[in-house]
Amino acid sequence: MCGCTHGSSSSEVSHSHPSNAFTAGFLARLGERDEPPTAGEAAVAGPWRIEPVPGKGFGLFRAGQTAGRGGRPAALCPSRWTALVTAAVLPGTGRDPLLRLGKEADAEGFYPVTLDTGEVVMRLDVFDDTLIEHVNVLIHLLRSPRSLADALEAGGAEALGACGAILDERLP
């Protein structure tokens, strides 16, 4: 997801790459180096902007890389709802998971789930890596107010109304 141009003036901006304050030559030289360990997270961190793309639905653009500036969307979605769901989850795909599932059962036959510190925070009766992946997605949403807001908006009025009633009952 390079943000470079193939020219130095705005009239030379390629439609496959948005304009950028850094020159194409500088970005090319920098791109020859090994990527830092943060590159994966930076590529998907956003913030993401959802824009209508005429005839195609909704595009997910990183800030500064809008269609109006010649940017290519990271994703094209047929509806705003799928764009919101994608925008909510995408930043978490670049992060290391908070929870990790142990591959070996302990003495009692449970699979440990640990933090990166090694602290066991859960034990599972069966090896369920899909559960831990989903819990890590939810953790990402809880860590990122913007992602959580995208997810809540995608939920719609009916779900938010029911959620509000549940929370109101829990917190008298």
Closest contact, heavy atoms only, [X] versus [Y]:
| X | Y | value |
| --- | --- | --- |
| A87 | S147 | O-OG, 4.1 Å |
| P73 | G59 | CB-CA, 3.9 Å |
| T82 | P78 | OG1-CD, 3.6 Å |
| A83 | L60 | O-CD1, 3.7 Å |
| L141 | A88 | CD2-O, 3.4 Å |

Do [X] and [Y] land in one hydrophobic cluster if side-chain heavy atoms of ILVMFWY residues count as linked below 4.5 Å?
| X | Y | result |
| --- | --- | --- |
| L138 | V85 | no |
| L124 | V137 | no |
| L101 | M122 | yes |
| L98 | V135 | yes |
| V89 | L152 | no |

Do [X] and [Y] make a side-chain contact, defined as non-hydrogen atoms from C-beta onward lying under 4.5 Å apart?
| X | Y | value |
| --- | --- | --- |
| I50 | W48 | no |
| L84 | R80 | yes |
| F61 | V53 | yes |

From [atom1] ([X]) to [atom2] ([Y]), nearest 0.5 Å:
| X | Y | atom1 | atom2 | result |
| --- | --- | --- | --- | --- |
| E153 | L148 | CD | CG | 12.0 Å |
| W81 | D150 | CH2 | CG | 13.0 Å |
| K103 | Y111 | NZ | OH | 11.0 Å |

*asked:* Keeping H140 on the side-chain end and L90 on the backbone end, is there a donor-acceptor pair under 3.5 Å?
replied: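 No, the answer is negative, given that no donor and acceptor are paired below the 3.5 Å cut-off.
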*So, the side chain of N136 versus the backbone of I132: is there a donor-acceptor pair under 3.5 Å, distance only?*
yes
*Hey, is CZ on R123 packed in by over 12 heavy atoms from elsewhere, all under 6.0 Å?*
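Count over threshold, so yes.
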*Which of these, L115, D116, L131, sits in a side-chain contact (heavy atoms from CB on, under 4.5 Å) with L99?*
L115
*Could you go step by step and tell me if F58 and L76 meet the side chain to side chain contact (heavy atoms under 4.5 Å, CB included) rule?*
CA-CA 6 Å; F58 293 84; L76 279 172; over 6 Å; no
